[in-house]
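The shown structure was predicted, so the numbers you read here are calculated from the model rather than taken from an experiment. All chains are named by letter (A, B, ...) in the order of the sequence lines, taking the proteins before the strands, and each is independently numbered beginning at 1.
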Amino acid sequence: MRLSQYFMPILRDDPKEAEIVSHKLMLRCGMIRQEAAGSYSWLPLGFRVLKKIEQIVREEQNRAGAIEVLMPTIQPADLWRKSGRYDAYGKEMLRIKDRHERDMLFGPTNEEMITDIFRQGVKSYKDLPRNLYHIQWKFRDEVRPRFGVMRGREFLMKDAYSFDLTRQAGQHSYNKMFVSYLKTFARMGLKAVPMRAETGPIGGKDSHEFLILAPTGESGVFFDQAFLDMDWTTFDIDYDDVAAVARVVEDFTSKYAATDEKHDAAEFEKRVPEAARVTGRGIEVGHIFFFGTKYSEPMGAMVQGPDGKMVPVESGSYGIGVSRLVGGIIEASHDEAGIIWPEAVAPFTVGLINLKAGDAETDAACDQLYKALAARGVEVLYDDRDERPGGKFATMDLIGLPWQVIIGPRGLKDGIAEVKNRKTGARENVALDRVLERFGA
RNA sequence: CGGAGUGUAGCGCAGUCUGGUAGCGCACCUGCUUCGGGAGCAGGGGGUCGGAGGUUCGAAUCCUCUCACUCCGACCA
């Protein structure tokens, strides 16, 4: 993409409504635009990141055996009356009437609808287990939305729902999601520590939330330093191996980790040596629940067991805040100059800087490299604008692409480009004809 | 939902107390000089002053109502 033809409205000053760093940076980079309290348009740069995150989530859900569907944002109220949550959910649920005066609502979550879908399609224990998910916009009419996309009212969420015949099978489904969450967040460069959680309005028996460390997080967190030293990235797992999956869960839940709601100071001090006690703030990026038959019973989601008897299915639900992750990753990865995108979610991999647009030789070298990179599938944002170098550097640092390739007359004399790593700041001179291979192209 | 604040150009702000031609910086347009870490000079464009009523010869400014947004607390992917 040529920056001269892109839509990326950069701001030099922080908009005053932004309080936390991710919100400021997203606005300054032109990633989002606020439309109402807690409601944002996603501009091209932000949209690319959102889609990258969504795709990683999708791949890891599929890998763990979940099956993608898509349910509507607007739901009929009757479904919720059946589960008893229409009244219980309170004002957070946005209620709407259609032209026939039928009660509708903008879905804050989908337990009811998915259970209804499941009920129609599955009658026998032979059809279990199943795990259905979708990635869809939710609306929760928060009393006080804030912090940009971190606590919006409208937000993109992945929610999965598992259905099993027995408690034990349900536990395995829960465990699979637990492990897939570790992998999902790790792929985005995050260490999301699983912590035992309150079940809240979703209700149920077992629950963990996944939190990433960030000073602006909304929850206080207390955990064992050993978590951060664990291997989050390389463990490979056979999701059908019940014992192996359970071992990973066991491994990641055996150490102390709690949010302030569940924190027990005495236990913390007993179980964690002083030097290893980490206390700080965390951002919740995922939350999983095992709730047994809480919804299947009232919703009549029954299957016929081997003995011919009807039994309610055991189910769980599993959420990842996809749009929140965009902010969360920035909170976890930025510096004074701007964002530092982990490569897996970066809107572009390479920022190509033409230091002297209008100079025939520099233009030619940049154009050639730009086309070659693009042709080989490297995502490159080419700053071909006629601007001064300082502004270009500042913009590129601000939007935080992992790599910068800097080409100007000075280096060009010797046939070299400069390659800069945004994260480390390290620069190296690379012969122009070697830049392609430098990016695996 | 309680408490506190703010609405003036794309962004940041002054002007409001004490009514009298709507301003500044950045950004944007034109020209010249510049050009490896946010340049200089000159010229220029852009505003229903959140909205509606009222007071007044005259309202960004005073009065009434209203809407939106932000922050602090209780709740949450």
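Across all strands shown, the partner of B:G5 is B:C69, judged by Watson-Crick or G-U wobble contacts whose two distances both fall under 3.5 Å. Shown here, B:C24 forms a base pair with B:G12; the pair counts as Watson-Crick or G-U wobble because both key distances fall under 3.5 Å. Base-pair partner of B:A52: B:U64 (Watson-Crick or G-U wobble, both distances under 3.5 Å). A 3.5 Å limit on both hydrogen-bonding distances identifies no Watson-Crick or G-U partner for B:U34.
Remark: A:R12 is not in phosphate contact with B:G38, judged by side-chain N or O atoms under 4.0 Å from OP1 or OP2. For B:A68, the OP1/OP2 oxygens have no side-chain nitrogen or oxygen of A:Q34 closer than 4.0 Å. Using a 4.0 Å cut-off, no side-chain N or O of A:K158 falls inside it from OP1 or OP2 of B:A77. Between A:R388 and B:G38 there is no side-chain polar atom (N or O) within less than 4.0 angstrom of OP1 or OP2.
For A:W137 and A:F155, the ring centers are positioned 6.0 Å apart or more. Ring to ring, A:F222 and A:H263 are close: their centroids are under 6.0 angstrom apart.
Side-chain contact check for A:N62 and A:Y133: at least one donor-acceptor pair (N or O, by modelled atom type) lies under 3.5 Å. Side-chain N/O atoms of A:H287 and A:Y318 include no donor and acceptor closer than 3.5 Å.
With both ends at atom P, the span from B:G20 to B:C62 equals 11 Å, rounded to whole Å. With both ends at atom P, the span from B:G38 to B:A74 equals 45 Å, rounded to whole Å. Across B:G58 and B:U6, the matching C1' atoms stand 28 Å from one another, rounded to whole Å. Going from the C1' atom of B:C57 to that of B:C72 covers 46 Å, rounded to whole Å. B:G45 sits 7 Å from B:C29 when the C1' atoms are compared, rounded to a whole Å. Separation of the C1' atoms belonging to B:A39 and B:G25 is 16 Å when rounded to the nearest angstrom. Separating the P atom of B:A59 from that of B:A52 is a span of 14 Å, rounded to the nearest Å. Separation of the C1' atoms belonging to B:C63 and B:A4 is 23 Å when rounded to the nearest angstrom.
Remark: A:R95 qualifies as a cation-pi partner of A:Y86 under the 6.0 Å distance and 45° angle criteria applied to the six-membered ring.
Within the 4.0 angstrom heavy-atom criterion, only backbone atoms of the sugar-phosphate kind lie near A:K91; the bases stay farther away. Using a 4.0 Å heavy-atom distance criterion, A:G152 is classed as a base contact. Within 4.0 Å of A:K138, counting heavy atoms only, lies no atom of the nucleic acid at all. Residue A:A394 is classed as a base contact, given a heavy-atom separation below 4.0 Å to a base. Within 4.0 Å (heavy atoms only), A:D159 reaches no atom of the nucleic acid at all. Within the nucleic acid shown, A:L27 has no heavy atom closer than 4.0 Å to any nucleic acid atom. At a threshold of 4.0 angstrom between heavy atoms, the contacts of A:R33 with the nucleic acid are absent. Across all strands shown, A:K24 has no heavy atoms under 4.0 Å from either base or sugar-phosphate atoms. When heavy atoms are screened at a 4.0 angstrom cut-off, A:L355 is found touching base atoms of the nucleic acid. Residue A:G390 is classed as a sugar-phosphate contact, given heavy-atom separations below 4.0 Å to backbone atoms only. Within the 4.0 angstrom heavy-atom criterion, no nucleotide atom of any strand lies near A:G90.
For B:A77, the base is stacked against the aromatic ring of A:F155, per a cut-off of 5.5 Å between centres and 30° between planes.
Residues A:R324 and A:P409 each lie close to RNA chain B; by heavy-atom proximity, the contact nearer the 5' end of the strand is made by A:P409. Both A:E92 and A:K420 sit near RNA chain B, but only A:K420 has its closest nucleotide nearer the 5' end.
As rounded to whole Å, 15 Å separates atom P of B:A77 from atom CD1 of A:I212. Atom pair A:L43:CG and B:C11:P shows a separation of 13 Å (rounding to whole Å applied). Remark: P of B:A77 and OH of A:Y161 are 12 Å apart, rounded to the nearest angstrom. Separating the CD atom of A:E387 from the P atom of B:C28 is a distance of 6 Å, rounded to the nearest angstrom. One interatomic measurement links the two molecules: CD of A:E336 to P of B:G38, which rounds to 16 Å at whole-angstrom precision. Between A:F7 atom CZ and B:C28 atom P the separation is 14 Å, expressed in whole Å. Note: CD (A:E35) to P (B:U70) measures 13 Å, nearest angstrom. In this structure, A:R28 atom CZ and B:A27 atom P are separated by 13 Å, rounded to whole Å.
Of the possible donor and acceptor atoms, none in the side chain of A:T216 sits under 3.5 Å from a partner among the backbone N and O of A:I20.
For A:R144 against B:G3, a side-chain-to-base donor-acceptor contact under 3.5 Å is absent. No donor-acceptor contact under 3.5 Å links the side chain of A:D14 to the base of B:G12. At a cut-off of 3.5 angstrom, counting only N and O atoms as typed in the model, there is no donor on one side facing an acceptor on the other between the side-chain of A:K16 and the base of B:G7.
Between A:L27 and A:A18, the closest heavy-atom pair is CD1-CB, 3.9 Å.
Applying the side-chain hydrogen bond (donor to acceptor under 3.5 Å, both in side chains) criterion to A:R28, with sequence neighbours excluded, gives no partner residue.
Nearest to the side-chain atoms of A:V143 among the listed nucleotides B:G12, B:C1, B:C69 stands B:C1. Checked against B:C11, B:G37, B:U70, the side chain of A:E17 finds its nearest nucleotide in B:U70. Closest approach to the A:E19 side chain among B:C71, B:A77, B:G10 is made by B:C71 (side chain taken as heavy atoms from C-beta onward).
Here the rule is side chain to side chain contact (heavy atoms under 4.5 Å, CB included) with A:C29, and of A:V49, A:L11, A:I399, A:T395 only A:I399 fits it.
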